[in-house]
Participant: 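Handing you this structure, nothing more for now.
Protein chains get the first letters and strands the later ones, always in sequence-line order, with residue 1 at the start of each.
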2 protein chains.
Amino acid sequence: MIEKQRVSVDQPKRPRNAVATREAILQSALAAFSRHGYDGVGVRDIAQAAGVTAVLVNRYFGSKEELFAAAVEVAFADRSLFEGDSSMLAPGLTAVIMTRTEKDAEPINPFFLLLRSAPNPRAAEILRDSIARHFERPLTSLLRGPRAGERAAIILAVVMGLSLFRKVIGSKALADANAASLSGDLKTMFQRLIGSAASRESPVRRSHAEKRNQRRL
Amino acid sequence: MIEKQRVSVDQPKRPRNAVATREAILQSALAAFSRHGYDGVGVRDIAQAAGVTAVLVNRYFGSKEELFAAAVEVAFADRSLFEGDSSMLAPGLTAVIMTRTEKDAEPINPFFLLLRSAPNPRAAEILRDSIARHFERPLTSLLRGPRAGERAAIILAVVMGLSLFRKVIGSKALADANAASLSGDLKTMFQRLIGSAASRESPVRRSHAEKRNQRRL
DNA sequence: GTCTATAGAAAGATAGAC
DNA sequence: GTCTATCTTTCTATAGAC
């Protein structure tokens with residue numbers, strides 16, 4: 001029926017370049033796993049989008065599973081969110097959610113990679129490990145107060161749940177929500193989770209406010 | 001190698017009973033989709049667990065996709081969470097999360113069905129529709145205050161994110177968290193989201209408190 | 001380093017016997 | 001109403017040519 005198409009140029013074979021080929025496969029895998037999840041994409045698809053055949057995927061990465069692990073490491077490498085102090089965390093998390101899940105946003109990001117690959121048991125193992133190292137750990141060390149690890153995981157879980165509803169499921173209520181009011185809600189929610197006592201009142205600007213008015217409650 | 005096993009009795013054929021067979025397939029599908037997700041299970045697996053062959057799945061439900069839609073309707077039918085008034089909502093949501101994601105909990109429930117099937121685009125469509133009808137709508141009508149639909153979706157997104165981290169990913173920080181303190185955090189978070197102004201302070205018991213002290217802030 | 005060709009398993013769905 | 005047998009497609013992975 002329809003002729004198979006080459007994504008790259010119409011050369012008979014790709015020019016020999018191991019590192020460039022490996023990188024092309026890795027980027028293609030990152031995009032494909034983000035868009036369709038581990039079980040939703042085959043090594044053929046990934047190879048074709050990178051301009052090579054499926055053989056090279058296994059040659060460079062050993063197996064689909066190992067390719068996935070490599071793609072996860074690349075996707076989760078961005079640490080910019082956790083570099084400032086904790087006062088920028090709530091606005092930063094809110095902005096990341098809003099921009100990466102808006103209507104015509106690039107569908108390639110670590111959240112979608114995670115959400116769409118988590119159903120596969122082996123992928124889930126790889127993800128659990130990478131989340132702990134790249135997200136839970138740095139976020140935990142940014143939080144003050146008791147049970148920082150627990151609260152960090154809650155914050156990340158909230159981020160993932162919102163991304164799920166906004167983009168993977170596509171809930172109308174969240175996908176079409178007014179951006180300003182939704183941002184406000186999220187920022188407040190994150191601020192409260194970040195505040196050192198998640199189960200107490202008014203964590204917003206707590207450290208400043210409580211010096212001025214200890215009997216606020 | 002290993003002989004295939006019949007789940008049911010060792011009769012050559014299942015006794016003829018259309019409604020019982022249909023129901024057995026439906027329950028088997030519900031369990032399988034919850035455990036492994038839409039893409040993680042085949043109609044053969046579902047049929048075998050129901051004690052029939054794969055032919056009957058398509059005979060009774062038309063296709064895997066239609067079987068999935070039927071299973072979703074069954075899974076999402078439980079409305080007990082939204083029957084009381086909104087004062088029981090936060091404790092109820094917290095209890096549902098904690099019990100259904102504890103260590104040895106039954107892995108068959110609507111949350112896992114949703115989380116593990118959402119990556120498939122057709123399953124996502126079916127889920128989006130059923131979530132709107134069975135969860136977003138009743139929860140929205142239980143919430144007072146502005147942007148109830150938006151806030152209902154946020155609440156559901158938070159529930160799903162927590163279930164994801166506790167059980168599908170298996171984040172150690174949340175899976176092994178102290179049940180009492182985690183419950184407390186969740187209850188507070190839900191109470192704030194349920195309170196009529198998600199972006200303002202102290203929604204807990206707001207309606208009572210604000211009558212006594214308007215200048216609390 | 002990259003390819004074609006293919007092995008071997010498993011998927012969804014259907015024809016036709018009983 | 002239920003089965004066996006089979007069609008067709010797709011999957012991961014590998015052998016071997018160039």
Participant: Calculate the interatomic distance between N58(B) atom CG and dC3(D) atom P; express it in whole Å.
Facilitator: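 Value for this atom pair: 14 Å.
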
Participant: So what does V55(B) touch, heavy atoms closer than 4.0 Å: a base, only the sugar-phosphate, or nothing?
Facilitator: base

Participant: For F61(A), answer base if it contacts any base atom (sugar-phosphate contacts may also be present), sugar-phosphate if it contacts only those atoms, and nothing otherwise; contact means non-hydrogen atoms under 4.0 Å.
Facilitator: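 It contacts nothing in the nucleic acid.
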
Participant: Minimum heavy-atom separation for F76(A) to S130(A), with atom names?
Facilitator: CD2-CB, 3.7 Å

Participant: Would you classify V19(B) as touching base, sugar-phosphate or nothing, given that sugar-phosphate means primed atoms plus P, OP1 and OP2, and contacts are heavy atoms under 4.0 Å?
Facilitator: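 No contact.
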
Participant: Both V43(B) and R16(B) contact DNA chain C. Which one's nearest nucleotide lies toward the 5' end?
Facilitator: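 Closer to the 5' end of DNA chain C: V43(B).
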
Participant: Can you list every pair that meets salt bridge (charged side-chain N to carboxylate O under 4.0 Å, His left out) and has a residue in residues 54-66 of chain B, with sequence neighbours left out?
Facilitator: E65(B)-R122(B)

Participant: What is the nucleic acid contact for V57(B), judged by heavy atoms within less than 4.0 Å: base, sugar-phosphate only, or nothing?
Facilitator: nothing

Participant: Given the rule that a pair is Watson-Crick or G-U wobble with both distances under 3.5 Å, how would you write DNA chain D in dot-bracket, using | for pairs to a different strand?
Facilitator: ||||||||||||||||||

Participant: Considering heavy-atom distances to DNA chain C, does A54(B) or N17(A) have its closest nucleotide positioned more toward the 5' end?
Facilitator: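 Its nearest nucleotide being more 5', the pick is N17(A).
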
Participant: Give a yes or no on whether a salt bridge exists between D176(A) and K103(A), defined as a side-chain N under 4.0 angstrom from a carboxylate O.
Facilitator: no

Participant: Looking at I155(A), L93(A), L143(A), which one forms a side-chain contact (heavy atoms from CB on, under 4.5 Å) with L193(A)?
Facilitator: I155(A)

